[in-house]
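Structure, as structure tokens:
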Amino acid sequence: MQGSQVISEPNATMEDVSLSAEEREQLATLWSEGCSPSRHGFPDPSDERWSNDSFYCDDFTSDDVGVRLEGPARQERLKQFKRELLSSAGDPITHFKSLSSGLQRQAICRYQDSPLNPSISGEVAVARAAQLLSRLPAVPSRIALTSLLWGDPGEVKHLERFLNEDTTFVGRNQPVNMRLAWAQLQVVSRTSSVILQLALLVTTAGNDRYSLALSIRSFVDFVSELIDTNAEQEGRQPRHVDVVRNSILDAFLWTTWQRSLMLLYWFVMKTHLALGYNRKWDAILSLRGCGQLLNPSVRETLYGSANQSHESMCQWAFTLLRSSRASLGLDFRRFHVRFSSLHSGKRARCQFDVDEPCDGSHPLRCGRFLDKRLVREEQSLHDEACAGKCDRLVWQETSYTSIKGPVAVSLEPHRKVNITYCAASNQTLAISHVWSHGQGSRPHEGINKCLHQKYASIARAHGCTSYWIDSMCIPAAHDLRAEAIGYINRIFADSKVVLVCDRDLMDIDIANLDRNRLESLLVTVFVSDWSVRAWTLLEAMKGSHALHILCKHNRTISLYDVMSKVHNSGSVDIAVLALSVQHLVPSSTDAFRRSSSRQSTEVAASLLSHRHATREGDDVVIWSLLSSTAVYQDAAALWKAKIGHQVATAYLLSNSPRVEGVRGFSWAPRTPYVRPDHRSSSSADVDVLGGPYNPFEGGASELGTITRRGLRAEWLVYRVSEDDGPAYRDGPCTMTKLSASGERETVVLEGHRIRNFCWEAAEKLLGGEHESVVLLQPLAYTGSSRAYDASGNRGETHGRVLAICASKDGERWSWAGVQAWPSSIPLPAFLRDEMLIE
């Protein structure tokens with residue numbers, strides 16, 4: 001990745017990695033060593049650290065003889081190892097090789113030993129790994145290093161010695177631009193040995209290697225732990241030496257973490273594309289993150305407006321994408337470049353008569369969902385070739401009602417003004433569109449003749465005998481509408497083609513598809529209006545086997561083909577973003593698709609928590625369609641149908657409003673949709689924990705049983721006492737900054753306090769009509785006495801979320817809400833106990 005470089009402004013477009021001849025030789029050497037049983041030093045198979053046959057990460061969870069290390073003992077090993085790395089980081093000549101080999105010792109790879117791996121030659125292995133690495137961003141996103149390292153011309157000598165040796169400065173007497181110099185740090189621009197190893201591993205390993213993915217994830221988490229570990233160097237050093245060492249090591253670890261993260265996600269996506277989406281692999285995406293992600297400047301570089309040269313992207317759509325668990329720490333710079341290449345200059349559509357997009361805080365803050373002035377008139381859309389004055393074709397009601405089962409539009413010629421119908425089948429083309437884009441209607445109001453002709457033509461081109469669109473196949477009459485909605489799952493699961501219609505996608509010309517255009521098409525799908533709606537989520541999940549995008553001039557392209565091509569030959573940083581929209585990845589076979597597309601109640605709620613359905617009550621209808629065999633109009637009926645079944649207790653810790661007025665179900669969410677919680681606070685009382693707390697599926701948490709009397713489950717329980725108020729009512733407000741030596745340190749902000757809104761809510765209940773109040777934590781799993789790991793499973797950073805329950809008599813408990821407990825305030829003692837929440 002090296003070459004003669006001049007410190008100057010970077011190009012507008014991002015470059016890919018360019019491997020040096022030395023790095024290619026190193027790939028060959030690593031492959032040879034990894035194929036030699038005597039060289040790779042794996043633990044003995046009887047050792048409990050043995051987890052799979054291809055990769056082992058010594059992350060200090062065990063000592064040298066296999067005894068498990070936890071708590072302070074493991075933290076000391078991490079600190080000791082980081083001190084060793086720090087001692088290697090200060091030499092301008094050897095620092096990169098020393099850091100690279102030091103970290104490589106903790107990650108051992110071997111190749112070709114497993115029958116699950118295809119047999120390939122070293123030449124092919126090196127070519128595959130080099131091709132994958134060449135599709136990573138050449139320069140990882142920048143983190144904030146202390147200004148002492150660069151910026152003061154008098155201190156440039158400290159920086160210059162750690163840059164690539166053939167770098168030339170522009171303006172020797174000027175301060176060095178941090179953003180430009182970052183790209184020339186050796187630890188940033190070169191590829192460490194462990195990244196070369198991982199590239200060889202993920203490109204040559206067979207599919208469905210779940211244990212291998214778990215081991216790679218353990219390495220990614222290990223690197224993030226090293227980033228967060230404070231390890232002061234022993235002995236006093238000049239200030240600039242400490243600054244350089246800490247900064248160079250931070251840059252090295254951050255670069256390694258970002259690249260290993262992308263390689264892991266690429267490997268997971270490889271399996272999904274080869275074998276079909278499997279929810280089991282979602283656990284791989286539960287990474288611990290790292291403290292750098294809380295740095296505002298880092299978040300701005302990764303996600304923020306610093307990367308955007310366009311205004312048309314809906315900020316809520318982007319927030320939904322980047323806040324996914326699978327987007328943790330990913331690099332969105334090229335994402336913005338690709339979007340801008342197609343959509344720069346377009347006006348935002350989030351607010352009426354305003355060019356700026358919405359603020360991205362919630363769908364209800366975006367006019368696309370609620371402002372009727374932004375909704376195109378029904379059937380205002382016409383085919384490209386139509387002048388916009390064609391007649392409408394309305395339904396022939398008798399033809400519709402004569403069909404038993406799911407109904408589709410017949411492709412037979414229509415001599416008059418009526419649409420005729422036939423039975424929907426596995427030869428039907430199903431159309432998934434955004435109603436507000438101008439194709440909405442009802443059968444008695446009709447469809448534009450040009451649209452009917454267009455869809456009939458596309459259906460025939462795909463070998464279909466009919467097409468389905470809600471505008472012509474879901475009547476307005478209540479009974480007929482309910483019946484038609486009941487068939488939606490079957491329509492999309494059985495269809496031969498599912499056609500995605502979105503106004504931004506239909507503007508894209510795919511006549512000449514190169515890599516950039518393919519990537520631009522894919523990123524547009526990710527943030528399209530079609531991707532953020534509740535109904536289209538359902539349709540996409542049920543029809544994921546056959547999704548095709550409708551583009552300009554009525555050309556279509558398979559979404560699976562687009563994802564596969566970008567994954568195999570496009571930018572890795574864009575390809576892996578598909579993990580944030582996994583519902584668009586097809587399942588493997590027809591039988592598997594039908595069974596796997598029905599989600600648990602918890603998973604369905606998690607998916608729908610921030611996807612808007614305009615029609616009141618549709619959110620529960622869609623929820624039931626995703627998770628049940630029956631269609632329910634209200635949540636109480638949905639939950640009553642599950643009496644005798646179980647629910648993950650951690651799933652319940654969300655801001656979703658609860659069922660009211662139905663005894664035994666005060667705990668039950670009445671909608672999967674989370675609305676924003678607006679709370680103000682004074683400048684002296686900082687509230688950083690206001691949520692919203694989104695529903696997560698709560699996998700691996702204690703299961704509660706739904707009974708007629710209520711939810712019976714075991715929790716970790718604390719009984720609130722007013723006497724404990726002084727200890728828990730508020731706590732110090734802190735911030736993290738770089739010390740003089742370059743270490744991160746925590747300082748208390750005088751005059752500011754973190755209010756404990758969780759405690760305030762509990763005290764308010766006690767001060768009212770309730771005799772007792774408890775705080776609840778979900779248990780990690782059945783039979784455990786350990787709390788559920790919210791940060792690992794839910795991706796939370798706002799503190800531990802607790803449930804609040806109240807009782808008027810100390811015996812019958814009702815759900816009172818959820819709230820986060822600030823991490824700066826110690827938790828009270830919780831004891832395991834069984835609760836019946838009515």
Side-chain angles (χ1 to χ4, degrees), residues 1-3 15-36 39-40 42 52-57 96-97 100-101 103-114 116-140 187-209 212-213 215-217 219-220 223 255-271 273-274 331 515 564-576:
M1 296 187 195
Q2 294 172 272
E15 297 178 353
D16 294 322
V17 162
S18 177
L19 287 179
S20 67
E22 179 185 352
E23 287 167 337
R24 288 180 178 272
E25 291 177 5
Q26 191 177 2
L27 278 172
T29 300
L30 289 170
W31 175 262
S32 177
E33 291 177 350
C35 290
S36 174
R39 296 295 298 273
H40 39 59
F42 250 64
N52 75 81
D53 55 3
S54 297
F55 183 75
Y56 168 69
C57 171
F96 175 75
K97 287 187 177 180
S100 180
S101 60
L103 189 59
Q104 183 191 5
R105 288 195 297 270
Q106 305 304 119
I108 306 171
C109 290
R110 67 179 182 184
Y111 316 107
Q112 300 291 281
D113 274 12
S114 171
L116 299 175
N117 294 337
S119 179
I120 60 175
S121 68
E123 183 178 348
V124 171
V126 169
R128 287 184 182 178
Q131 192 263 3
L132 176 60
L133 290 168
S134 71
R135 297 186 283 121
L136 291 171
V139 179
V187 291
V188 170
S189 61
R190 300 176 66 178
T191 310
S192 63
S193 298
V194 73
I195 296 301
L196 298 176
Q197 284 181 306
L198 288 176
L200 286 167
L201 190 62
V202 298
T203 53
T204 59
N207 297 314
D208 202 19
R209 299 292 309 280
L212 173 58
S215 294
I216 298 174
R217 188 191 75 171
F219 171 77
V220 176
V223 175
T255 298
T256 301
W257 183 73
Q258 271 220 315
R259 287 176 175 162
S260 60
L261 176 72
M262 283 190 273
L263 292 177
L264 170 62
Y265 283 1
W266 184 89
F267 182 60
V268 174
M269 194 65 193
K270 172 188 171 188
T271 294
L273 290 171
D331 188 340
R515 169 181 160 178
S564 296
K565 289 176 181 177
V566 174
H567 182 269
N568 294 332
S569 58
S571 304
V572 174
D573 43 315
I574 288 178
V576 297

Set of residues satisfying salt bridge (Lys or Arg N to Asp or Glu O under 4.0 Å) with respect to Arg24, sequence neighbours excluded: none
Step-by-step side-chain contact (heavy atoms from CB on, under 4.5 Å) determination, Asp573 to Leu136: CA-CA 7 Å; Asp573 43 315; Leu136 291 171; over 6 Å; no
Contact check, side chains of Tyr111 and Ile120, non-hydrogen atoms, under 4.5 Å: no
By side chain to side chain donor-acceptor pair (under 3.5 Å) - contacts of Gln197 (at least two apart): none
Distance in Å, Ile216 CD1 paired with Cys57 SG, rounded so as to fall on 0.5 Å steps: 10.5 Å
Derivation of the side-chain contact (heavy atoms from CB on, under 4.5 Å) call for Thr255 and Val187: CA-CA 8 Å; Thr255 298; Val187 291; 5.8 Å; no
Non-hydrogen atoms of Ala125 and Thr204 that approach each other most closely: CB-CG2, 3.9 Å
Donor-acceptor pair, side chain of His567 and main chain of Trp266, under 3.5 angstrom: yes
Distance-minimising heavy-atom pair for Val220 and Trp257: O-CD1, 3.2 Å
Any donor-acceptor pair under 3.5 Å from Glu23 side chain to Ser20 backbone: yes
Partner residues of Gln26 under the side chain to side chain contact (heavy atoms under 4.5 Å, CB included) criterion, sequence neighbours left out: Leu30, Ser193, Leu196
Intermediate values then yes/no, side-chain contact (heavy atoms from CB on, under 4.5 Å), Val188 and Phe96: CA-CA 10 Å; Val188 170; Phe96 175 75; over 6 Å; no
Side chain Ser101, main chain Lys97, donor-acceptor under 3.5 Å: yes
Test item: Ser569 side-chain N/O and Val566 main-chain N/O as donor-acceptor pair under 3.5 Å: no
Atom pair CG/OG of Leu103 and Ser260 - distance to nearest 0.5 Å: 8.5 Å
Residue list, side chain to side chain contact (heavy atoms under 4.5 Å, CB included) with Ser121, at least two apart or on another chain: Glu123, Val124
Rounded distance [0.5 Å steps], CG in Leu201 versus CZ in Arg209: 7.5 Å
Leu263 vs Leu132 side-chain heavy atoms within contact, under 4.5 Å: yes
4.5 Å side-chain heavy-atom contact, Gln258 and Asp331: yes
Sequence-distant partners of Lys565, side chain to side chain contact (heavy atoms under 4.5 Å, CB included), two or more places apart: Leu518
Parallel, tilted or perpendicular: rings of Phe219 and Phe55 (30°, 60°): perpendicular
Side chain to side chain donor-acceptor pair (under 3.5 Å) involving Arg515 - partner list, sequence neighbours excluded: Asp16, Glu519, Ser571
Interatomic distance, Ser564 atom OG to Leu273 atom CG [nearest 0.5 angstrom]: 4.5 Å
Shortest non-hydrogen contact between Ala107 and Val194, atoms and distance: CB-CG2, 3.6 Å
Closest non-hydrogen atom pair between Pro140 and Ala138, with its separation: CD-O, 3.9 Å
Residue pair Ser192, Gln104: steps toward the side-chain contact (heavy atoms from CB on, under 4.5 Å) verdict: CA-CA 8 Å; Ser192 63; Gln104 183 191 5; over 6 Å; no
Any donor-acceptor N or O pair under 3.5 Å, side chains Ser54, Arg110: no
Arg190 side chain near Ser100 side chain, heavy-atom distance below 4.5 Å: no
Pairs touching residues 126-136 that satisfy side chain to side chain donor-acceptor pair (under 3.5 Å), sequence neighbours left out: Gln131-Arg135
Any residue meeting side chain to side chain contact (heavy atoms under 4.5 Å, CB included) with Val268, in chain and number order, not counting sequence neighbours: Leu264, His272, Trp281, Ile284, Leu579
Spatial distance of atom CG (Leu133) from atom CZ (Arg259) [nearest 0.5 Å]: 8.5 Å
Check: Leu212 and Phe267 side chains under 4.5 Å, non-hydrogen atoms: yes
